[in-house]
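The structure under discussion appears below in the form of structure tokens.
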Amino acid sequence: MCGLVGIVGKRDVNLSLYDALTVLQHRGQDAAGIMTCNEGKLAQQKALGLVKDVFRSRHMQRLRGHMGIGHVRYPTSGSTGPALAQPFYVNSPYGVALAHNGNLTNTAQLTKELYQEDLRHLNTDSDSEVLLNVFAHELQRQGKMVPAPSDIFKALEGVYRRCSGGFAAIAMITNYGLVAFRDSHGLRPLVYGSRMTEKGEEYMIASESVALDVLGFKMIRDVAPGEAVYITRDGELHFQQCAEQQELSPCIFEHVYFARPDSIMDGVSVYKARLRQGEKLAEKILRERPNHDIDVVVPIPDSSRVAGQAVAQNLGVKFREGLVKNRYIGRTFIMPGQQQRKKSVRQKLNVIDLEFRGKVVLLVDDSIVRGTTCQQIIQMARDAGAAKVYFASAAPAVKYPNVYGIDMPSKQELIAHGRTESEVCEAIGADWLIYQDLKDLIAASQEGNPDIPRFDCAVFDGNYVTGDVDDAYLTRLEAERNDAVKIARDKALSESSSSMIGISNGE
């Protein structure tokens, strides 16, 4: 899961791109990058780390231009390290840079085609570089010295024929404009908007509407599934449906965990969706335990706070912030390696003993994935003197890997896979565990926009909307991306970086 932004302005866009990436930082903390275009010349800065650490004043001074794209990376597909920071770039044709959110499901096939048929070289194992090269090749096939909008859309028709999976992307074509496109199921989010300045109208494309809001852009609408938006460097807008078949099936896990609550996605307020998740969860609690003995509801910050408030209100019990978050620690769910996640939970959260001592506490979290975080938090609550610790998940049990851009690659790493609810309860050390029902989770989101025909709920029900994910694919994915592989890869990267100390002269 990554964050994207692209701006076509009437003045330098470097500071706006930086500000947008800080707003989207929750979508990825592994790496960040910006590329701008100034009178046909490209400037770029990208590196591992948070936005505030990757960019300095000296970088911003050379990132000039009225057009640019930015990216914050969350590692899903491919290895780790500086080479995976985006945007990616190829010089032919025209010079094309691309920032990508999501995951292609036919990367292996495309990699072979690019090498054997398109005669293109790849520097990494990233599916984002694959997507860029497929687009660049299809654009080159148009054979135009100056690409017209129709040429760009024709190239994207080729991209949609060849590429499968979940993706949202923003590409910058040097000296010509920005083009944004979204997979034919709308799995990954993408919106665009505009703002008026004294020099004219500026346009912005981003992963979430909150980035538009903060920078003073008015959201126009979501990019539709299979649709491409082309904005010329002069600010002319062009739209075309480029996929042969489309069906809006957005990833419901965005509403559960990833998106900021102040975002609107496909007409659904994330805040309202999470509020309804809490209301429906409270209804289930009252059905199963009408005479419950819960004294206090404590949310696990931050993404479960809204649902937790609704649970407490509908149960008629106290809501307390019993866990204090260190905001300088990254989101543990998206940290590579089980040991690093375990260590970070204690660094990230601390308990307020008074809210736990002698009480029956209901902890509310947005979901339970690996079980690492909730297991430690439950023990922290017991250490603080809680009489009983109940645990409620605002989402159903996560039992299946995600293949469209969320790091849930291995079934064996998912605590609910192959376990009953009571077995999960025992494994995490709770006195009682309750999950949201899937139909209630879907209803919580669909109420915000009844025109959405379906949601991608594959992590809960194993139904993959692209239709090309089978057991062989999942087995292959697990072998490539489980925690053991990540730890070995991180170790190799660390050793490689250490060997370079003393011979590098910095940036």
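In what follows, every heavy atom counts, from backbone to side chain, and hydrogens, waters and symmetry copies are set aside. Numbering of residues begins at 1 and proceeds along the displayed sequence.
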Considering residues, nucleotides and ligands other than [X], do more than 12 of their heavy atoms fall under 6.0 Å from its [atom1]?
{"X": "Y271", "atom1": "OH", "result": "no"}
{"X": "Q245", "atom1": "CD", "result": "no"}
{"X": "D471", "atom1": "CG", "result": "no"}
{"X": "E426", "atom1": "CD", "result": "no"}
{"X": "E157", "atom1": "CD", "result": "yes"}
{"X": "E117", "atom1": "CD", "result": "yes"}

Under 4.0 Å between a side-chain nitrogen and a carboxylate oxygen: does that hold for [X] and [Y]?
{"X": "D213", "Y": "R260", "answer": "no"}
{"X": "D461", "Y": "R454", "answer": "no"}
{"X": "D431", "Y": "R382", "answer": "yes"}
{"X": "K284", "Y": "D437", "answer": "yes"}
{"X": "K272", "Y": "E447", "answer": "no"}

Rounded to the nearest 0.5 Å, what's the gap from [atom1] on [X] to [atom2] on [Y]? Could you check?
{"X": "I34", "Y": "K46", "atom1": "CD1", "atom2": "NZ", "answer": "12.5 Å"}
{"X": "E254", "Y": "L187", "atom1": "CD", "atom2": "CG", "answer": "10.0 Å"}
{"X": "F181", "Y": "L131", "atom1": "CZ", "atom2": "CG", "answer": "4.5 Å"}
{"X": "L414", "Y": "R419", "atom1": "CG", "atom2": "CZ", "answer": "10.0 Å"}
{"X": "E413", "Y": "K411", "atom1": "CD", "atom2": "NZ", "answer": "12.5 Å"}
{"X": "K318", "Y": "I294", "atom1": "NZ", "atom2": "CD1", "answer": "14.5 Å"}

Side-chain heavy atoms of [X] within contact of [Y], under 4.5 Å:
{"X": "F167", "Y": "D127", "value": "no"}
{"X": "T373", "Y": "R370", "value": "no"}
{"X": "V317", "Y": "V296", "value": "no"}
{"X": "L363", "Y": "F356", "value": "yes"}
{"X": "H417", "Y": "P401", "value": "no"}
{"X": "L122", "Y": "F88", "value": "no"}
{"X": "E247", "Y": "V465", "value": "no"}
{"X": "L248", "Y": "P453", "value": "yes"}

**Request:** Show the numbers, then the answer: is there a side chain to side chain contact (heavy atoms under 4.5 Å, CB included) between Q347 and N326?
**Result:** CA-CA 7 Å; Q347 294 174 334; N326 178 353; 5.6 Å; no
Closest non-hydrogen atom pair between [X] and [Y], with its separation:
{"X": "L84", "Y": "S126", "result": "CD1-CB, 3.2 Å"}
{"X": "I378", "Y": "G429", "result": "CG2-O, 3.3 Å"}
{"X": "A444", "Y": "K280", "result": "N-CE, 3.8 Å"}
{"X": "V298", "Y": "G322", "result": "CG1-N, 3.6 Å"}
{"X": "G448", "Y": "V268", "result": "C-CG2, 4.1 Å"}
{"X": "C374", "Y": "I428", "result": "SG-CG2, 3.6 Å"}

May I ask you to decide if [Y]'s main-chain N or O and [X]'s side chain share a donor-acceptor pair within less than 3.5 Å?
{"X": "H71", "Y": "H100", "value": "yes"}
{"X": "D30", "Y": "R73", "value": "no"}
{"X": "Q446", "Y": "I452", "value": "yes"}
{"X": "Q25", "Y": "L50", "value": "no"}
{"X": "Y74", "Y": "D407", "value": "yes"}
{"X": "D295", "Y": "V360", "value": "yes"}
{"X": "D183", "Y": "G166", "value": "no"}
{"X": "N101", "Y": "L4", "value": "no"}
{"X": "R182", "Y": "V223", "value": "yes"}
{"X": "Q375", "Y": "A427", "value": "yes"}

**Item:** Ring centroid separation Y473 to Y464 under 6.0 Å
**Value:**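 Distance test on ring centres: not under 6.0 Å, no.
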**Item:** Trace of the side chain to side chain contact (heavy atoms under 4.5 Å, CB included) decision for K388 with D293
**Value:** CA-CA 10 Å; K388 294 180 184 178; D293 56 348; 3.2 Å; yes
**Item:** side-chain contact (heavy atoms from CB on, under 4.5 Å) partners for N106, two or more places apart
**Value:**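 With neighbours one apart ignored, the set is L104, Q109, L110, S164.
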**Message:** Before you tell me yes or no, could you show the steps for I285 and L315 under side chain to side chain contact (heavy atoms under 4.5 Å, CB included), namely the whole-Å CA-CA distance, both residues' side-chain angles and the distance that decides it to 0.1 Å?
**Reply:** CA-CA 8 Å; I285 291 172; L315 291 181; 3.9 Å; yes
**Prompt:** Between Q246 and S184, do the side chains contain an N or O donor and an N or O acceptor separated by less than 3.5 Å?
**Reply:**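 The answer is no; no qualifying pair exists.
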**Message:** Quiz question: by atom type and distance under 3.5 Å, do the side chains of H137 and E113 form a donor-acceptor pair?
**Reply:**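 No, no side-chain donor-acceptor contact under 3.5 Å.
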**Prompt:** Taking it one step at a time, do H255 and R274 satisfy side chain to side chain contact (heavy atoms under 4.5 Å, CB included)?
**Reply:** CA-CA 7 Å; H255 300 169; R274 290 179 183 168; 5.6 Å; no
